[in-house]
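Remarks on the structure that follows.
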Amino acid sequence: MDRIGRAKNLVDNPLSLPIRRGKRPITIRGPLHVQCNDNRDDRPLRRLVDEVIAWPDIEAGPLPVGSEEFISLKISEEVATAEPSVFITGREFARVLFGAPTIYLTLPLSCAHWAIIRGWAEPHFSSGFGLVPPGVMVVYTPRDEHEVAVCRSLFQVSYNFAIDVRRTNSSERNAHLFDSGRKSDIREALAVA
């Protein structure tokens, strides 16, 4: 078991990621790489972001040059890994745009590979130019509760990737992350696939 429950299964076995149903959304590729369709209802995304913000050691706020339509998720300095390729910038492991709902996550390369192959993500445009690390992905926004479960697991992978496990007390944090009666595992999503 890892820091957030069962997401480690996805890191250990990225093949457990289910295949996303339907066509890939259309995106506009550029420095601001955004999803253009399949994201009309942003309520599932907003609920997911509210849940993620409540996880231990996360600092959330607008981007310095953005607005309330951008949310930047950072790992607190006390527990962040020193590896810069784990972050979009600074200690930022995730970014969410609500104006044109879009998720940006930094994933381990093996997980990023399978997220692309299984239809959940595409590499961020700026990674091709070395402006962001190669694991920075545009993850397609969830359309239903099944997809929320998959996106939650991808957030968990990104969150765990950004934590320096030597500097944390994982047993304390695991006790506060999720309701004891609720599954947070990728297997939840697989059960309905």
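If you read the sequence from its start, that first residue is 1, and numbering goes on from there.
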What is the distance from atom [atom1] of [X] to atom [atom2] of [Y], rounded to the nearest 0.5 Å?
| X | Y | atom1 | atom2 | value |
| --- | --- | --- | --- | --- |
| L17 | S153 | CG | OG | 8.5 Å |
| C151 | I103 | SG | CD1 | 4.5 Å |
| R46 | E51 | CZ | CD | 16.0 Å |
| M137 | I116 | CE | CD1 | 4.0 Å |
| K74 | I58 | NZ | CD1 | 13.0 Å |
| L97 | S72 | CG | OG | 12.5 Å |

Using every non-hydrogen atom in the two residues, find where [X] and [Y] come nearest and quote the distance to one decimal.
| X | Y | result |
| --- | --- | --- |
| I163 | Y159 | CG1-O, 3.1 Å |
| T141 | E147 | O-OE1, 3.8 Å |
| S85 | P133 | O-CB, 3.4 Å |
| R24 | A121 | NH1-O, 2.9 Å |
| P18 | H146 | CG-CE1, 4.4 Å |
| A94 | L105 | CB-CD2, 3.4 Å |

_I'd like to know if the side chain of W120 and the backbone of W114 have a donor-acceptor N/O pair within less than 3.5 Å._
no

*Measure from the side-chain N and O atoms of E92 to the backbone N and O of I88, and report whether any donor-acceptor pair falls under 3.5 Å.*
no

Considering residues at least two apart in sequence or located in another chain, which fulfil the salt bridge (charged side-chain N to carboxylate O under 4.0 Å, His left out) criterion with [X]?
| X | value |
| --- | --- |
| R47 | E145 |
| R29 | E122 |
| E59 | R91 |

What residues, two or more places apart in sequence or in another chain, satisfy side chain to side chain contact (heavy atoms under 4.5 Å, CB included) together with [X]?
| X | answer |
| --- | --- |
| A162 | I75, V86, F87, F93 |
| L109 | P134 |
| P25 | R20, Q35, N37, D38, Y140 |

*Using a cut-off of 6.0 Å, state whether more than 12 heavy atoms not belonging to L131 lie near its atom CG.*
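Enclosed: over 12 neighbouring heavy atoms sit under 6.0 Å from CG of L131.
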
*Option passing side chain to side chain contact (heavy atoms under 4.5 Å, CB included) with P142 (candidates V150, V148, D41, D42)*: V148

*Which pairs, with at least one residue in residues 96-106 and sequence neighbours excluded, count as a side-chain hydrogen bond (donor to acceptor under 3.5 Å, both in side chains)?*
none

_Once side-chain hydrogen bond (donor to acceptor under 3.5 Å, both in side chains) is applied, what residue pairs with a partner in residues 124-139 remain, sequence neighbours excluded?_
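Qualifying pairs, neighbours excluded: none.
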
*Residue list, ring-ring contact (aromatic ring centres under 6.0 Å, His included) with F125, at least two apart or on another chain*: F129

*Using a 4.5 Å cut-off on heavy atoms from C-beta on, say whether the side chain of H33 contacts that of V136.*
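They are not in contact (no side-chain heavy atoms under 4.5 Å apart), so the answer is no.
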
*Sequence neighbours left out, what passes side chain to side chain donor-acceptor pair (under 3.5 Å) with T89? Give chain and number order.*
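T89 satisfies side chain to side chain donor-acceptor pair (under 3.5 Å) with no other residue.
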
*Could you give me the CA-CA distance, side-chain angles and deciding distance for L73 and W55, then say whether side-chain contact (heavy atoms from CB on, under 4.5 Å) is met?*
CA-CA 11 Å; L73 300 174; W55 293 350; over 6 Å; no

*asked:* Quick test of your reading: applying salt bridge (Lys or Arg N to Asp or Glu O under 4.0 Å), list the pairs with at least one residue in residues 96-105, sequence neighbours left out, ordered by first then second residue.
replied: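 Found none.
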
*Could you list all the salt bridge (Lys or Arg N to Asp or Glu O under 4.0 Å) pairs where at least one residue sits in residues 100-121, not counting sequence neighbours?*
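Listed once each, the pairs would be none.
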
